[in-house]
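Because the structure is a prediction, the values reported are computed rather than measured. Hydrogens, waters and symmetry mates play no part in the numbers below; they use all other heavy atoms, side chains included. Chain naming here is simple, since letters A, B, ... match the order of the sequence lines and numbering starts at 1 in each.
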Protein chains: 2
Amino acid sequence: MLKSNGRRNTKQRQAVLAAVRELGNHPTAEQVYEVVRKQLPGTSISTVYRNLGILSEQGMLRTVTGLGREVHYDHNTGVHSHVKCSSCGRICDVMLRREDMPRLTEEWLCGYILEGISINFIGKCPECAEREEIR
Amino acid sequence: MLKSNGRRNTKQRQAVLAAVRELGNHPTAEQVYEVVRKQLPGTSISTVYRNLGILSEQGMLRTVTGLGREVHYDHNTGVHSHVKCSSCGRICDVMLRREDMPRLTEEWLCGYILEGISINFIGKCPECAEREEIR
DNA sequence: TAATATATTAGGAATAGTTCCTATTACTGA
DNA sequence: TCAGTAATAGGAACTATTCCTAATATATTA
């Protein structure tokens, strides 16, 4: 819970979390902002960024980086990867399990103590593949 | 070769490629710029960016994204991954081979036609791990 | 070697995404 | 209900990168 960390439960924070969950498909900060503004018109983009950061820090959201310039936010905080369409940018979950992850030897990691693995796929989504083939 | 694509072989372009090779450890555009300026003081940062782009396009360099906000450039264009230190930012090659890659089923990929996989590791390099433990 | 066509350049403006700053507001616990 | 302080709006600042334009340099051709 937020309060245990000295955080307050403001309506802006609630709206940001709700927007990420409602949008579902890995929205960017800008997309969250659009939705939040409908409910709380006065909300500023910096408030959205601040709350996305705090909610991620508290483990209520997950940040998804490495899929382009923008950071995406995911309400699904479990272990999984993503595939992004190189045409339309749509992002889809890839349910890699631990045993499907690459097997690593210590020597490959140059002595680094591993903290995280990020696996991103890029491809063409079915819709874009079809549309682009027709032309 | 560059010329077969209507490209010219300018001294700035040569210097950019040489700098990436010389630096070795996955430099950013800014780091390449620093080195190039020593040899060709008048060179502008936009020339560095343009040439990094062209050289990557020609397959003479590889761009490494997903390790942070900046793009890194790699003179090693073969198949491999990277591990980045969460403290000092140092990047090291990880020699994952194809058979160590995750095995994917079509269903996981939501029907996307796969174009690329990017696997990034984050960790603590031996030096940072030791230094931070002492304190 | 000289002339020509055009790819490339320097320099700076512009852009996108994000973070930072400050005075004001509004939660929360007492 | 009040005090303490986390959070806010609004905008400035920042960072990495791309875009623009007139001038320059390279490669081809004569």
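- A straight line from CG of N51(B) to P of dA7(C) spans 15 Å, rounded to a whole angstrom.
- Checked against the 2.5 Å cut-off, the SG-SG distance between C92(B) and C110(A) falls under it.
- The only member of V71(A), L55(A), L52(A) that meets side chain to side chain contact (heavy atoms under 4.5 Å, CB included) when paired with T63(A) is V71(A).
- Look at T10(B) and you'll find a side-chain N or O under 4.0 angstrom from OP1 or OP2 of dT9(C).
- Rounded to whole Å, the distance from OH on Y33(A) to P on dA16(C) is 15 Å.
- As rounded to whole Å, 15 Å separates atom C1' of dC27(C) from atom CG of L40(A).
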N/O-N/O pairs, protein side and nucleotides 11-18 of chain D side, under 3.5 Å:
from, atom 1, to, atom 2, distance (Å)
dA16(D), OP1, E70(B), OE2, 3.3
dT17(D), OP1, V71(B), N, 2.8
dT17(D), OP2, Y49(B), OH, 2.7

Begin from the C-alpha positions of T28(B) and Y73(B) and carry the test side-chain contact (heavy atoms from CB on, under 4.5 Å) through to its verdict. CA-CA 6 Å; T28(B) 61; Y73(B) 296 88; 5.9 Å; no
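- In this model, the phosphate group of dT26(D) is approached by a side-chain N or O of K11(B) to a distance below 4.0 Å at OP1 or OP2.
- Nucleotide dT8(D) holds its P atom 16 Å from the CZ atom of R37(A), rounded to whole Å.
- Between R7(A) and dA7(D) there is a side-chain N or O to OP1 or OP2 distance below 4.0 Å.
- Listed by first then second residue, pairs satisfying ring pair (Phe, Tyr, Trp, His ring centres under 6.0 Å) with a partner in residues 104-128 of chain B number zero, not counting sequence neighbours.
- Checking the phosphate oxygens (OP1, OP2) of dA7(D), no side-chain nitrogen or oxygen of N9(A) falls inside 4.0 Å.
- Between the P atom of dT26(D) and the CG atom of N5(B) lies a distance of 19 Å, rounded to the nearest Å.
- Every residue was checked against the disulfide (SG to SG under 2.5 Å) condition with C85(A), not counting sequence neighbours, and none meets it.
- End-to-end axis angle for the helix from dT1(C)-dA30(D) to dA30(C)-dT1(D), using five pairs per end and rounding to 10°, comes out at 40°.
- Taking 4.0 angstrom as the limit, Q12(B) places a side-chain polar atom (N or O) nearer than this to OP1 or OP2 of dA10(C).
- Sorted by first and then second residue, the salt bridge (Lys or Arg N to Asp or Glu O under 4.0 Å) pairs involving residues 43-58 of chain B (not counting sequence neighbours) are R7(B)-E57(B).
- Sequence neighbours left out, the pairs with a member in residues 83-96 of chain B that pass side-chain hydrogen bond (donor to acceptor under 3.5 Å, both in side chains) are E115(A)-S86(B), H26(B)-D93(B), H80(B)-D93(B), H82(B)-D93(B), S87(B)-K124(B), S87(B)-E132(B), R90(B)-E127(B).
- Between dT5(D) and R8(A), no contact under 4.0 Å exists linking OP1 or OP2 to a side-chain N or O.
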For a side-chain contact (heavy atoms from CB on, under 4.5 Å) check, start with the C-alpha distance between T47(A) and V16(A), then their side-chain angles and the critical distance, and finish with the verdict. CA-CA 9 Å; T47(A) 292; V16(A) 166; 5.7 Å; no
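- Counting all heavy atoms, side chain and backbone alike, K11(B) lies closest to L40(B) at O-CD1, 3.6 Å.
- Taking atom CZ of residue R50(B) and atom C1' of nucleotide dA7(C), one finds them 10 Å apart after rounding to whole Å.
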